[in-house]
Protein chains: 2
Amino acid sequence: MLSNACKYAIRSILYLAINSSEDNKIGVKVIAEELETPQPFLAKLLQQLTRDKLVSSTKGPNGGFYLDSKNRKNAIWDVIISIDGTGKFDNCFLGLAKCDDRNPCPVHFIVAPFKDKILDSFRDKTIDEYVVEIKNTNRVISLKDLDLFEDEES
Amino acid sequence: MLSNACKYAIRSILYLAINSSEDNKIGVKVIAEELETPQPFLAKLLQQLTRDKLVSSTKGPNGGFYLDSKNRKNAIWDVIISIDGTGKFDNCFLGLAKCDDRNPCPVHFIVAPFKDKILDSFRDKTIDEYVVEIKNTNRVISLKDLDLFEDEES
DNA sequence: ATAAAAAAAGAGATTCTTATCTTAAACTCG
DNA sequence: CGAGTTTAAGATAAGAATCTCTTTTTTTAT
């Protein structure tokens, strides 16, 4: 459904939304470590996102990537378009060239509502709103913030 | 979510379930044409499915692929395992190594119910049952049985 | 025998992912 | 101001996975 590249990109954007600011820019190295993604690959993705004005960056000491208030008004959907292009999402789950409500594949009516829901989430919500939701509901975007419950014995 | 290979395989199985029998074996060439898939690639997939006893085949004149009654008791899920292996389906939508109800990614609770539903459909239903459903509800597995409504003017 | 078809193996192409290296910009400090 | 350091940007290409095609072999029916 989404390429690895796109998944990395989405997580990076969310990471930056949560952790960065104009006064706190973050280098690729740190982002890659935090999200456990291949560093050079991520660098390329961030460049792409920067070209498309989805993230901001400055070079030099204390430089790095960050989201300004404008960037935060974009949606996850914009990231998907920037990295994967629009096509992948709309494809039929079984690979039919033409599959829609009128000529549905055997699983079309299982897949369609799901796509609607996740599109709602990706397209109609700004990054800002997304972050609020993530914080309120305690969501996870890297292994680092895992809540493992391993040795609780209180 | 599924590789192209797997999508081809699923559609082939359904095609064979609907159109073939022990007395009516179907060659790769025909299947590939009907489903509009690359022929040699499909051949390889059908061989794999045959090795895993998901489809039956005989060589020689009047030979071809078909489903016997045993094959028809399998599920789509078996096809997925045979072609893609089990992994792909269970992966987190955002690529997190560990994403579950306890440590959910930001879209986990959107994706999870969908996965449950489609797993129900793929795992708990035999090919036979699937075909009944397809016939009853007029589903499409190739471009050939498209119901185009293009020039209706009755 | 001969012809038809799957089985098998592998070559080629394309796309996706990751890595390396060079260049350019921006800040820091003397 | 100017040299040096830091960091992103960009170019290139290596590696891996996926997809497609070709050729040869084996089996089976007639």
Side-chain angles (χ1 to χ4, degrees), chain A residues 1-12 16 20 22-33 35-68 71 80 82-85 87-88 91 95, chain B residues 1-12 16 20 22-33 35-68 71 80 82-85 87-88 91 95:
Chain A
M1 194 85 85
L2 296 175
S3 67
N4 279 342
C6 198
K7 293 173 185 174
Y8 293 160
I10 292 172
R11 292 206 282 137
S12 309
L16 287 172
S20 79
E22 321 229 0
D23 307 323
N24 183 30
K25 296 157 191 169
I26 307 179
V28 205
K29 203 176 157 188
V30 173
I31 305 175
E33 273 167 11
L35 300 182
E36 295 185 303
T37 60
Q39 205 241 70
F41 192 42
L42 191 62
K44 221 175 181 178
L45 294 172
L46 287 169
Q47 283 166 31
Q48 171 70 26
L49 294 175
T50 304
R51 270 194 296 277
D52 286 351
K53 312 257 190 251
L54 298 173
V55 317
S56 306
S57 70
T58 58
K59 302 176 180 180
N62 293 320
F65 296 92
Y66 63 100
L67 298 195
D68 63 21
N71 299 142
I80 295 175
S82 171
I83 302 297
D84 272 356
K88 273 184 192 162
N91 288 341
Chain B
M1 194 85 87
L2 297 175
S3 67
N4 280 341
C6 198
K7 292 172 185 174
Y8 293 159
I10 292 173
R11 291 206 283 138
S12 308
L16 287 172
S20 79
E22 322 229 0
D23 307 321
N24 182 30
K25 296 156 190 171
I26 306 178
V28 206
K29 203 176 157 189
V30 173
I31 305 175
E33 273 167 13
L35 301 182
E36 295 186 303
T37 60
Q39 204 241 73
F41 191 43
L42 189 64
K44 230 176 181 172
L45 294 172
L46 287 169
Q47 284 164 30
Q48 170 70 26
L49 293 175
T50 304
R51 271 195 295 275
D52 287 350
K53 311 255 190 254
L54 298 173
V55 316
S56 306
S57 70
T58 59
K59 301 178 182 181
N62 292 319
F65 296 93
Y66 64 99
L67 297 195
D68 64 19
N71 298 143
I80 295 174
S82 171
I83 303 296
D84 273 356
K88 275 185 191 161
N91 287 342

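Below, all heavy atoms of this structure are taken into account, side chains as well, without hydrogens, waters or symmetry copies.
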Q | Nearest heavy atoms of A/Gln39 and A/Val28, plus distance in Å | A | O-CG1, 3.8 Å
**Q.** Set of residues satisfying side-chain contact (heavy atoms from CB on, under 4.5 Å) with respect to B/Lys59, sequence neighbours excluded
**A.** none
Q) What's the CG-P distance between A/Leu45 and C/dC16, to the nearest Å? A) 13 Å
Q: List in numerical order all residues of residues 1-9 of chain A for which some heavy atom is under 4.0 Å away from an atom belonging to DNA chain D.
A: none
Q) side-chain contact (heavy atoms from CB on, under 4.5 Å) with A/Ser56: which residues, sequence neighbours excluded? A) A/Tyr66, A/Asp68, A/Asn71
Q | Spacing of A/Leu46 atom CG relative to C/dT18 atom P, expressed in whole Å | A | 14 Å
Q | Among D/dA9, D/dC21, C/dA19, the nucleotide that comes nearest once only the side chain of B/Pro40 is considered | A | D/dC21
(Q) Tell me every residue that passes side-chain contact (heavy atoms from CB on, under 4.5 Å) with A/Ala5, counting only those two or more places apart in sequence or in another chain. (A) A/Ser3, A/Phe41, A/Leu45, A/Ile83
Just the table, please: protein N/O against nucleotides 22-30 of chain C N/O, every pair under 3.5 Å.
unit_1: C/dA25; atom_1: O4'; unit_2: A/Lys59; atom_2: NZ; d: 3.3

Q.
Just to verify, what does A/Asp52 make a side chain to side chain donor-acceptor pair (under 3.5 Å) with, not counting sequence neighbours?
A. A/Gln48, A/Ser82
Q. How close do A/Ser12 and A/Leu46 get, heavy atom to heavy atom, and via which atoms?
A. CB-CD2, 4.2 Å
Q) D/dA9 phosphate, OP1 or OP2: any side-chain N/O from A/Ser57 under 4.0 angstrom? A) yes
Q: To the nearest Å, give me how far apart CD (B/Gln39) and P (C/dA5) are.
A: 11 Å
Q.
Please find the pair of heavy atoms, one from B/Leu16 and one from B/Phe65, that lie closest to each other, and give the distance.
A. CD2-O, 3.6 Å
Which atoms of nucleotides 8-12 of chain C (N or O only) lie under 3.5 Å from a protein N or O atom, and what are those distances?
unit_1: C/dA8; atom_1: OP2; unit_2: B/Arg51; atom_2: NH1; d: 3.1
unit_1: C/dG10; atom_1: O6; unit_2: B/Lys44; atom_2: NZ; d: 2.8

Q. CG of B/Leu54 versus P of C/dA6: gap in Å, rounded?
A. 18 Å
Q: Starting from C1' on C/dT14, measure out to CZ on B/Phe41 and report it in whole angstrom.
A: 12 Å
**Q.** Test side-chain contact (heavy atoms from CB on, under 4.5 Å) applied to A/Thr37 - qualifying residues, sequence neighbours left out
**A.** A/Tyr8, A/Arg11, A/Ala32, A/Leu35, A/Leu42
